[in-house]
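Note sheet for the following structure.
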Protein chains: 2
Amino acid sequence: MIVDRNRTAARRRPDTLFVGSVEKGFAVLHAFRTGQRELGLRDLSLSQISQISGLDKSASQRFTNTLVELGYLEKDQRTRRYRPALGLIGFYYTYMISNPLAEIAMPRLIEASQAHGTTVNLCEPVGTDIIYTIRVPHQKAFFRATIPGRRMPAFCTAPGLVILANRTEEEAETILASSDFEPMTEWTITDPKAVRKRIEKARREGYCISVQQSLTHEISTAAPVLDSEGRAFAAVQVPVYMPEWTTGMVEEKIVPFVIETARAISGSYFIES
Amino acid sequence: MIVDRNRTAARRRPDTLFVGSVEKGFAVLHAFRTGQRELGLRDLSLSQISQISGLDKSASQRFTNTLVELGYLEKDQRTRRYRPALGLIGFYYTYMISNPLAEIAMPRLIEASQAHGTTVNLCEPVGTDIIYTIRVPHQKAFFRATIPGRRMPAFCTAPGLVILANRTEEEAETILASSDFEPMTEWTITDPKAVRKRIEKARREGYCISVQQSLTHEISTAAPVLDSEGRAFAAVQVPVYMPEWTTGMVEEKIVPFVIETARAISGSYFIES
DNA sequence: CATCTTGTATTATTATTTAATACATGTTGT
DNA sequence: ACAACATGTATTAAATAATAATACAAGATG
């Protein structure tokens with residue numbers, strides 16, 4: 001994330017209610033996600049933070065120092081490198097505890113996971129991406145794929161497609177228009193036409209199965225969580241792995257309870273609000 | 001969290017590398033945790049944010065606006081109230097993905113959960129508290145008790161005590177000295193002498209069982225994750241509930257695999273570093 | 001051992017944040 | 001239904017607090 005230095009100029013009216021220092025602080029934290037994803041680095045030096053965040057050396061220094069003092073970064077005195085600190089995870093709790101969807105979904109996801117012996121996840125859409133908000137892990141998997149908060153493009157994931165399928169035509173098109181269609185695996189379908197066909201299929205069938213679209217060996221199944229108008233605002237997702245599983249087995253054993261779980265959450269949420 | 005307005009004066013040397021605006025931004029986010037815990041509020045009005053954070057009206061306005069623009073808060077245009085937004089949960093991922101302990105622990109926790117049919121958690125210490133960093137849920141429980149990022153006082157939780165038991169005398173004393181010994185349930189042991197006895201017991205036995213100390217009906221079992229010097233830097237914890245479980249059953253069925261899982265994580269971590 | 005890169009500390013400058021204020025909108029009680 | 005109050009929003013002059021330049025120290029590299 002490169003901070004827009006001329007934010008005020010770029011906006012219609014200079015936003016005097018926007019505190020740039022806050023954005024810059026987050027830009028530093030954000031550098032760690034980028035650094036991990038693009039360079040595979042767990043910790044970053046000051047100059048790396050500077051490069052990735054786009055902040056100059058002095059700014060990196062000040063914001064990094066600030067974040068260390070606040071407990072959101074920690075510094076290895078030996079290597080002089082920084083890494084995310086424990087203070088960060090409190091924000092997950094803050095979000096979840098005030099999230100009515102999570103409260104309703106959690107027991108249902110746990111129940112489904114236990115009853116069917118698989119991992120069961122909840123996803124919520126953000127821009128062109130989906131985020132895994134709740135994970136109830138049940139098999140070992142790639143470490144990345146077991147952590148809540150992971151972000152994936154909507155266009156190549158079952159939960160993303162199933163949410164797009166249950167939005168208005170315009171909404172879906174807007175999201176697709178700003179998607180980058182970068183492949184995640186060698187099997188990722190990146191042709192926009194093919195992606196649209198998958199969305200149509202998901203709309204007709206009420207669920208979506210993705211094979212190795214975002215992770216090798218993974219068969220991902222998802223069904224939408226709908227509000228009272230039938231608009232998707234979340235998805236239940238279950239991953240299983242090849243070669244133990246085939247799409248045939250998934251259709252028989254996984255699809256029904258994924259749909260059922262998503263429907264149960266939709267129903268409870270409807271009553272709540 | 002009340003922001004120290006005279007931070008520079010309060011510190012030995014005025015810290016020119018500390019950006020106060022960042023702290024204030026986090027103070028606003030922090031207000032939501034406090035608001036939820038102390039007032040049970042899911043969303044907050046501007047004036048509530050102002051009251052809880054200690055920032056004045058203007059500051060609350062600016063920082064709240066900023067956080068909304070950055071996607072860390074969302075505003076209900078109807079009620080004009082704010083609540084934590086999805087952007088926040090990315091920080092959990094950022095922390096976890098760069099955390100070697102988590103990577104080692106995750107598959108072991110999943111395995112243990114599956115093998116023994118219980119929830120299995122990992123906790124890390126912060127100041128006088130412990131934080132649940134990984135949760136592998138397996139039974140339904142209080143919603144709060146299923147969310148990673150939850151913070152609890154060390155003195156009244158099995159993982160907290162078992163970590164204190166495997167620190168130096170001074171370290172443990174320092175932490176206890178700044179603990180507030182506020183009871184969490186009507187059975188919480190708050191007498192410092194009794195707490196020290198529990199720590200000694202945990203040190204001798206290598207594990208700790210807590211009955212209804214932080215949550216009613218909960219029997220909590222924990223064992224320490226140790227570094228090569230024998231210092232605890234995390235704990236494996238398993239909660240079960242009364243009356244289905246008794247301490248006798250826990251000693252027989254739970255304790256052995258909690259110790260075993262913690263030991264396995266310690267061992268792998270040792271090899272890694 | 002010299003050269004380069006990276007991290008740390010200090011400062012004058014000014015741009016950004018600030019707090020006061022005024023206005024708009026909503027809420028409450030009689 | 002209206003008045004009185006509380007709360008939210010927008011604007012601005014003033015000055016503090018953040019900034020970026022610079023110098024120095026400490027490692028890394030060849």
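What you see is a predicted model; the values in this text were computed from it and never measured. Here is how names work: the chains are called A, B, and so on, in the same order as the sequence lines, proteins then strands, and each is numbered from 1.
- Closest to the B:R80 side chain, of the nucleotides C:dT25, D:dT22, C:dT17, is C:dT25.
- Closest to the side chain of A:Q61, from the set C:dA19, C:dT18, C:dA9, is C:dA9.
- You'll find that the side chain of A:L46 is closest to C:dT8, out of D:dT19, C:dT8, C:dT18.
- The phosphate of C:dG7 has neither OP1 nor OP2 within less than 4.0 Å of any side-chain N or O from A:K75.
- Axis angle, first five pairs versus last five pairs of the helix from C:dC1-D:dG30 to C:dT30-D:dA1: 60°, rounded to 10°.
- Picking from D:dG8, C:dT8, D:dT19 the nucleotide with the shortest atom distance to the side chain of B:S45 gives D:dG8.
- Closest to the side chain of B:R62, out of D:dA18, D:dT22, C:dT18, is C:dT18.
- The residue A:S47 sits close only to the backbone: its heavy atoms come under 4.0 Å of sugar-phosphate atoms, none of a base.
- The closest side-chain donor-acceptor pair between B:S268 and B:R108 falls under 3.5 angstrom.
- The phosphate of D:dT9 (OP1 or OP2) has no side-chain N or O of B:S58 nearer than 4.0 angstrom.
- Using modelled atom types and a 3.5 Å distance limit, the side chains of B:Y132 and B:R150 yield no donor-acceptor pair.
- Minimum atom distance to the side chain of B:K57 is reached by D:dG8, of the listed D:dG8, C:dA20, D:dA20.
- When the nucleotides D:dG8, D:dT11, C:dG7 are ranked by their closest atom to the side chain of A:L17, D:dT11 comes out on top.
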Listing time: all N or O pairs from protein to nucleotides 3-6 of chain D that are below 3.5 Å?
none

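- Close placement of the B:F26 and A:F26 rings is indicated, their centers lying within 6.0 Å of each other.
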message = Under the criterion side chain to side chain donor-acceptor pair (under 3.5 Å), I'd like the reasoning laid out for B:S47 against B:S50: C-alpha separation, chi angles, the key distance, then a yes or no.
response = CA-CA 5 Å; B:S47 51; B:S50 177; over 6 Å; no
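- Taking the six-membered ring where the residue is Trp, the centroids of B:Y72 and A:F91 are separated by 6.0 Å or more.
- Considering only side-chain atoms of B:D56, the nucleotide from C:dA19, C:dT8, C:dT17 that sits closest is C:dA19.
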